[in-house]
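Note that these values count all heavy atoms, side chains included, but never hydrogens, waters or copies made by symmetry.
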Amino acid sequence: MEGAHAYAWSLVPGEGARVLDTGVARWWIEDGVLCSQNYADATITADHVRAGFAAAAQLAGPRAAPLIAEGAHQTLATREARELLSGPEAAARYTAMAVVARSPVARTLMKFFTRLTTPPFPVAVFAAADEARGGARAHRAAT
């Protein structure tokens with residue numbers, strides 16, 4: 001994963017997991033929860049978001065699922081990308097989003113994003129992957 005080789009991931013696919021790479025992120029599913037690691041050191045575009053939707057569809061099938069997302073970098077997203085993540089395509093793919101953001105700055109940016117463009121599903125920001133997994137699994141069990 002170019003650009004993220006020194007990053008210590010807290011969210012890691014299990015042995016034997018089917019992992020899809022979209023060019024900016026890698027995706028897999030565990031216990032009905034989608035997982036995404038954004039390893040790109042670049043602005044997230046609408047094409048990146050659409051590639052994530054396609055990866056989610058391949059992994060979860062036609063049903064929406066909760067998503068845990070972790071990024072190696074504090075990445076910005078274009079307006080079009082943010083709009084896609086707050087629109088009907090996102091609602092068709094994700095039932096909730098748990099974001100792993102270890103730095104206080106990244107957590108603040110994510111909270112700002114969710115206020116600026118309200119996604120059609122609950123979004124929670126966590127400092128650790130274990131907390132995010134717990135939140136996503138609790139949401140999955142409730143739906």
Roughly how far apart are [X] [atom1] and [Y] [atom2], rounded to 0.5 Å?
| X | Y | atom1 | atom2 | answer |
| --- | --- | --- | --- | --- |
| Leu34 | Met97 | CG | CE | 10.0 Å |
| Leu11 | Glu30 | CG | CD | 6.5 Å |
| Arg93 | Phe53 | CZ | CZ | 9.0 Å |
| Ile44 | Arg82 | CD1 | CZ | 12.0 Å |
| Leu84 | His48 | CG | NE2 | 12.5 Å |

Mind checking whether [X] and [Y] have side chains closer than 4.5 Å, heavy atoms only?
| X | Y | answer |
| --- | --- | --- |
| Leu67 | Ser36 | yes |
| Trp27 | Leu59 | yes |
| Pro13 | Arg26 | yes |
| Arg133 | Asp31 | no |
| Ser10 | Glu70 | yes |
| Pro66 | Val33 | yes |
| Leu20 | Trp28 | no |
| Tyr94 | Val123 | no |

With distance as the sole criterion, is a donor-acceptor pair present between the side chains of Glu80 and Thr45 under 3.5 Å?
no
Check your understanding: side-chain contact (heavy atoms from CB on, under 4.5 Å) between Asp21 and Tyr39: does it pass, once the steps are laid out?
Key -> CA-CA 10 Å; Asp21 193 317; Tyr39 58 81; 2.6 Å; yes
Between [X] and [Y], what is the shortest heavy-atom contact and its length?
| X | Y | value |
| --- | --- | --- |
| Thr22 | Ala51 | CG2-O, 3.7 Å |
| Ala81 | Val49 | CB-CG2, 3.7 Å |
| Pro120 | Ala91 | CG-CB, 3.6 Å |
| Phe126 | Ala132 | CD1-CA, 3.5 Å |

Are Val100 and Val19 connected into the same hydrophobic cluster when the rule is that any two of I, L, V, M, F, W, Y join if their side-chain heavy atoms are below 4.5 Å apart?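 Same cluster: Val19 reaches Val100 through Ile, Leu, Val, Met, Phe, Trp or Tyr contacts under 4.5 Å.
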